[in-house]
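This one's a predicted model, so the numbers in the text were calculated from it and none came from an experiment. Numbers for residues simply follow the sequence, beginning at 1.
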Amino acid sequence: MQLKLTTILLFCIFIFACKEQKQTTDSPKKITTKKEEKKLPPAYKPNQQFKDYWYAGKAEITSYKLEQARYGELRDGKAVLVYVTEPFLPKVQVKADQKNPENISVLKLNATKKFNTGIYPYSIMQSTFYPVANNQHALKVSASIQEWCGQIYTQINNREQFEITSHSYFEGEADQNFNLEKAVLENEIWTQLRIDPNSLPTGDFKIIPSLEYIRLKHKPLKAYNAFAEISEGKYTLSIEELNKTLIINFENNFPFTITSWEETIDGLTTKATKLKTINTAYWSQNSNKDLPLRKTLQLD
């Protein structure tokens, strides 16, 4: 009798232990289950006209006469939009030096402004790396502002969220690192337009204003409510909460060159009007003999 009880007890312990082991083995699978990756919309497929223009080994450089609003007055200056395609490494988010199957083709925009405020100069540069596939947000955006008081740098990296890094000499801004939920970037509009104006966001949506605006006006870097509409050769974007309106005028036909723009903030309007466009490999034109090209662009 005692032997039977012992046998039954051992059998129960064995069954219980097996169940415990099974639970222990199965439970991590539930914990480590991965979320489904979001599928991107269909990619834009460049036609031959697009390829012949944007993959010719040259950059498109357009100069503009600038009337920049700053400190309640308009300042004369020059703006330049430099567009060029290049391979981009998505993980480290820099230009790729070598061929790699993971490279993403981007249309890069380096937008610069130079103007004076009284005795001291301003220099502004914004860089946007936007995928030619035109099916996701810019992979990276950065901006730097230099003037005699100091300098500011802000960068957005497009990963699971927008990762923000910012450095400023102003108290209350200083060094910042934080994340934002993804939304339309005002900076990316300028490159998206050059690929397909009809793909630009319209109606009501959330937008993160340009990094230039955020830093010059010392506004929180976040998404705001916006409204936009497009007509023949004109894109209008309004952010009522910021009392800000942007109008970009462009040619209706490819390559959709930007001819002018106006940005009205608090009743004062910045204007830029096209002067000259050239297509050239500027990175190899860095000797004194190349200086006349600046006169061609009416920058000197």
Side-chain angles (χ1 to χ4, degrees), residues 50-71 73-88 94-97 105-130 132 140-155 187 190-191 193-194 210-212 215-216 248-251 254-263 270-300:
F50 186 98
K51 294 175 182 177
D52 290 343
Y53 188 84
W54 288 115
Y55 292 107
K58 297 178 180 180
E60 180 201 84
I61 307 170
T62 305
S63 55
Y64 298 83
K65 179 182 181 296
L66 178 67
E67 297 174 57
Q68 177 69 43
R70 188 62 176 149
Y71 303 129
E73 296 181 297
L74 293 178
R75 322 291 179 145
D76 290 334
K78 295 289 174 65
V80 179
L81 301 183
V82 182
Y83 288 94
V84 64
T85 54
E86 63 184 28
F88 192 77
V94 294
K95 179 184 176 182
D97 292 330
S105 180
V106 299
L107 179 59
K108 179 178 72 174
L109 168 60
N110 283 335
T112 67
K113 289 181 177 180
K114 289 186 179 294
F115 58 92
N116 295 327
T117 53
I119 191 175
Y120 63 95
Y122 260 82
S123 179
I124 300 172
M125 181 172 179
Q126 299 184 94
S127 296
T128 302
F129 301 81
Y130 188 78
V132 171
K140 183 179 179 179
V141 178
S142 62
S144 60
I145 301 174
Q146 300 85 35
E147 37 97 0
W148 283 4
C149 293
Q151 57 186 323
I152 297 168
Y153 180 80
T154 304
Q155 180 171 301
N187 286 92
W190 300 77
T191 41
L193 185 156
R194 301 302 308 278
S210 71
L211 297 183
E212 172 191 324
R215 286 303 167 228
L216 288 181
I248 305 176
N249 298 302
F250 58 94
E251 295 177 355
F254 181 86
F256 311 117
T257 302
I258 294 173
T259 55
S260 65
W261 71 84
E262 296 182 6
E263 184 181 39
T270 292
K271 296 181 181 180
T273 307
K274 179 185 169 183
L275 293 172
K276 183 71 177 179
T277 295
I278 63 173
N279 292 73
T280 187
Y282 69 85
W283 48 86
S284 62
Q285 297 166 327
N286 50 22
S287 66
N288 287 332
K289 68 179 181 181
D290 298 312
L291 285 171
L293 289 171
R294 291 189 59 80
K295 291 185 178 180
T296 300
L297 287 166
Q298 300 180 41
L299 296 175
D300 290 336

Can you check whether [X] reaches [Y] side chain to side chain, under 4.5 Å on heavy atoms?
X	Y	value
K78	L275	yes
Q68	E73	no
R194	T257	yes
V141	F129	no
I145	Y122	yes
V132	W54	no
F256	L193	yes
W148	P121	yes

Testing the basics here: between [X] and [Y], what is the closest heavy-atom pair and its distance to 0.1 Å?
X	Y	answer
N286	W283	ND2-O, 3.6 Å
G57	A281	O-CB, 3.8 Å
L299	S63	CD2-CB, 3.9 Å
T154	L211	O-CD1, 3.8 Å
A111	L81	CB-CD2, 3.6 Å

Mark yes or no for whether [X], through its side chain, and [Y], through its backbone, hold a donor-acceptor pair below 3.5 Å.
X	Y	value
K113	L66	no
T85	L107	no
Q126	E212	yes

| For I124 and L216, what are the C-alpha separation, side-chain angles and deciding distance, and is it a side-chain contact (heavy atoms from CB on, under 4.5 Å)? | CA-CA 10 Å; I124 300 172; L216 288 181; 4.0 Å; yes
As an exercise, state the distance from [atom1] of [X] to [atom2] of [Y], rounded to the nearest 0.5 Å.
X	Y	atom1	atom2	value
Y153	Q146	OH	CD	11.0 Å
S127	L109	OG	CG	7.5 Å
N279	T277	CG	OG1	7.5 Å
I258	T62	CD1	OG1	8.5 Å
K271	K65	NZ	NZ	9.5 Å
T128	Y83	OG1	OH	8.5 Å

| field | Derivation and outcome, salt bridge (Lys or Arg N to Asp or Glu O under 4.0 Å), residues R294 and D300 | value | CA-CA 6 Å; R294 291 189 59 80; D300 290 336; 3.0 Å; yes
For [X] and [Y], does a side-chain donor sit closer than 3.5 Å to a side-chain acceptor?
X	Y	value
E60	Y53	yes
T117	R75	no
Y64	S260	no
N187	S210	no

| query | For the residue pair F254 and F50, does the interplanar ring angle fall in the parallel (under 30°), tilted (30 to 60°) or perpendicular (over 60°) class? | reply |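 Judged by the thresholds at 30° and 60°, the geometry between F254 and F50 is tilted.
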| Quick check, are the ring centers of Y130 and W190 under 6.0 angstrom apart? |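 Ring centres of W190 and Y130 not closer than 6.0 Å.
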| field | From CA spacing to verdict: side-chain hydrogen bond (donor to acceptor under 3.5 Å, both in side chains), K114, S123 | value | CA-CA 5 Å; K114 289 186 179 294; S123 179; 3.1 Å; yes
| field | Pair K108 + E86: basic N to acidic O under 4.0 Å | value |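 Result for this pair is yes, salt bridge flagged.
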| message | Does T280 form a side-chain hydrogen bond (donor to acceptor under 3.5 Å, both in side chains) with Q285? I'd like the steps, not just the answer. | response | CA-CA 9 Å; T280 187; Q285 297 166 327; 2.7 Å; yes
| Lys NZ or Arg CZ of R70 over F115 ring: under 6.0 Å, within 45° |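 Checked: cation-pi criterion not met.
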| query | Around atom CD of Q151, are there more than 12 heavy atoms of other residues, nucleotides or ligands at under 6.0 Å? | reply |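 Atom CD in Q151 is not packed in, count stays at 12 or less.
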